Colleague: 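Have a look at this one.
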Amino acid sequence: MKTLGFAMCGSFCTLDKAMKQLSALKEKYSLLPVMSQNVYETDTRFGKAEDFIAQAENLTGRQVLHTIVQAEPIGPKGLVDAMVVCPCTGNTLSKIALGITDTPVTMAVKSSLRVGLPVVICLASNDSLAASGQNAARLMNTKNVYFVPLGQDDPVKKPFSLVADFSRLEETVAAALEGRQLQPVLL
């Protein structure tokens, strides 16, 4: 059975969707959960950090990695076959594109990419068509980075927002493990 890293960022309003995908993926993959410090420590109106941690640990049967030091060996020690970032914020997307490694999630991605593992981005960002747009485009042209198909979630109220179709995560992971990118943009 292949192992996926499953890294979660602070798109708090989509964490429930991410947890549903984590649950679905456990049927086909062994899973290694990783959380940004924001997810690991922050309670919001969308849920308590301790509840998300407990849910991830119960689904995967493993402790959540939540420090840079814990995430660093993922690639070099061959702990995963691919890394998933779900949800991936615009902030994290931009850091990945620019090689900034200052969170457990960015380290997990760097650690994976440096040994040539696929990284699957499940984007959820309110500024994807603005400030972080150039970084999304950069990553769409980066070897071993794959995007879950995405589109605007609310063009009227959030004209710069893009969100992945979370229901297509499993399909995207399977394609990425074969070196294929699904059409990343939903029309």
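Every heavy atom of this structure was used, including side-chain atoms; hydrogens, water molecules and symmetry mates were not. Quick caveat, the model's predicted, so the values are computed rather than measured.
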Colleague: So how far is it from Leu59 CG to Leu25 CG, rounded to the nearest 0.5 Å?
Modeller: 10.5 Å

Colleague: According to side chain to side chain contact (heavy atoms under 4.5 Å, CB included), who are the partners of Glu171, at least two apart in sequence or on a separate chain?
Modeller: Arg168, Leu182

Colleague: Here's a test for you: under side chain to side chain contact (heavy atoms under 4.5 Å, CB included), which of Thr172, Val145, Leu177 qualifies with Val120?
Modeller: Thr172

Colleague: Just checking, Lys2 and Tyr29: is the charged tip under 6.0 Å from the six-membered ring centre and within 45° of the axis?
Modeller: no

Colleague: List the atom of Phe6, the atom of Ala18, and the distance in Å for their closest heavy-atom pair.
Modeller: CZ-O, 3.5 Å

Colleague: With distance as the sole test, does Thr14 use its side chain to make a donor-acceptor pair with the main-chain N or O of Lys17 at under 3.5 Å?
Modeller: no

Colleague: Looking only at heavy atoms, which two atoms of Leu15 and Cys9 are closest? And how far apart?
Modeller: CD2-O, 3.8 Å

Colleague: For Lys95, look at atom NZ and say whether over 12 heavy atoms of other residues, nucleotides or ligands are found less than 6.0 Å away.
Modeller: yes

Colleague: Show me the donor-acceptor pairs, under 3.5 Å and distance only, between side chains in residues 31-39 and residues at least two apart or in other chains.
Modeller:
| residue | atom | partner | partner atom | Å |
| --- | --- | --- | --- | --- |
| Ser36 | OG | Val39 | N | 3.3 |

Colleague: Between Thr92 (side chain) and Cys88 (backbone), is there a donor-acceptor pair under 3.5 Å?
Modeller: no

Colleague: Using a 4.5 Å cut-off on heavy atoms from C-beta on, say whether the side chain of Pro87 contacts that of Cys122.
Modeller: no

Colleague: Nearest heavy-atom pair of Pro104 and Ala71: which atoms, and what distance?
Modeller: O-CB, 3.3 Å

Colleague: How far apart are the C-alpha atoms of Leu123 and Val163, what are their side-chain angles, what is the distance that settles it, and do they pass the side-chain contact (heavy atoms from CB on, under 4.5 Å) test?
Modeller: CA-CA 5 Å; Leu123 187 62; Val163 67; over 6 Å; no

Colleague: Could you tell me whether the side chain of Ser112 reaches within less than 4.5 Å of the side chain of Val80, counting heavy atoms only?
Modeller: yes

Colleague: Look up atom CZ in Arg138 and atom CG in Leu98, then write down how far apart they are to the nearest 0.5 Å.
Modeller: 5.5 Å

Colleague: Would you compute the distance between atom OG of Ser167 and atom CD of Gln21 and round it to the nearest 0.5 angstrom?
Modeller: 7.0 Å

Colleague: Do Ile100 and Leu93 sit in the same hydrophobic cluster, where Ile, Leu, Val, Met, Phe, Trp and Tyr count as joined when their side-chain heavy atoms come under 4.5 Å apart?
Modeller: no

Colleague: So, do Met83 and Leu4 sit near enough that their side-chain heavy atoms are less than 4.5 Å apart?
Modeller: no

Colleague: I need the minimum non-hydrogen distance between Pro73 and Ser111, along with the two atoms involved.
Modeller: C-OG, 4.0 Å

Colleague: Test of understanding: with side chain to side chain donor-acceptor pair (under 3.5 Å), list the residues that count as partners of Asn91, not counting sequence neighbours.
Modeller: none

Colleague: Establish whether Leu65 and Met107 are linked, either directly or via other cluster members, by ILVMFWY side-chain heavy-atom contacts under 4.5 Å.
Modeller: no

Colleague: Which distance, rounded to the nearest 0.5 Å, do you find between the SG of Cys86 and the CE of Met19?
Modeller: 9.5 Å

Colleague: Does Lys157 reach the side chain of Asp154, with side-chain heavy atoms less than 4.5 Å apart?
Modeller: yes

Colleague: Would a 4.5 Å heavy-atom cut-off, applied to side chains only, mark Ser125 and Ser161 as touching?
Modeller: no

Colleague: Nearest heavy-atom pair of Pro159 and Val156: which atoms, and what distance?
Modeller: CD-O, 3.9 Å

Colleague: My understanding is that only residues two or more places apart in sequence, or in another chain, count here; which of them pass side chain to side chain donor-acceptor pair (under 3.5 Å) with Thr3?
Modeller: none

Colleague: Considering only distance and modelled atom types, tabulate donor-acceptor pairs under 3.5 Å from the side chains of residues 50-57, sequence neighbours left out.
Modeller:
| residue | atom | partner | partner atom | Å |
| --- | --- | --- | --- | --- |
| Glu57 | OE2 | Val64 | N | 3.0 |

Colleague: When you compare the side chain of Met8 with that of Val105, does any pair of heavy atoms fall below 4.5 Å?
Modeller: no

Colleague: What is the distance from atom CZ of Phe160 to atom CG of Asn126, rounded to the nearest 0.5 Å?
Modeller: 11.0 Å

Colleague: Please identify each residue that fulfils side chain to side chain donor-acceptor pair (under 3.5 Å) with Arg114, with sequence neighbours left out.
Modeller: Glu72

Colleague: Applying side-chain contact (heavy atoms from CB on, under 4.5 Å), run through Leu139 and Phe147 and close with a yes or a no.
Modeller: CA-CA 9 Å; Leu139 285 175; Phe147 278 77; 3.8 Å; yes

Colleague: Could you tell me the separation between the CD1 atom of Ile68 and the CG atom of Asp102, rounded to the nearest 0.5 Å?
Modeller: 6.0 Å

Colleague: If every non-hydrogen atom of Gly75 is compared with every non-hydrogen atom of Leu117, which pair is closest and at what distance?
Modeller: CA-CD1, 4.5 Å

Colleague: Please test Asn135 against Ile96 for side-chain contact (heavy atoms from CB on, under 4.5 Å), starting from the C-alpha separation and ending with a verdict.
Modeller: CA-CA 8 Å; Asn135 296 312; Ile96 293 167; over 6 Å; no

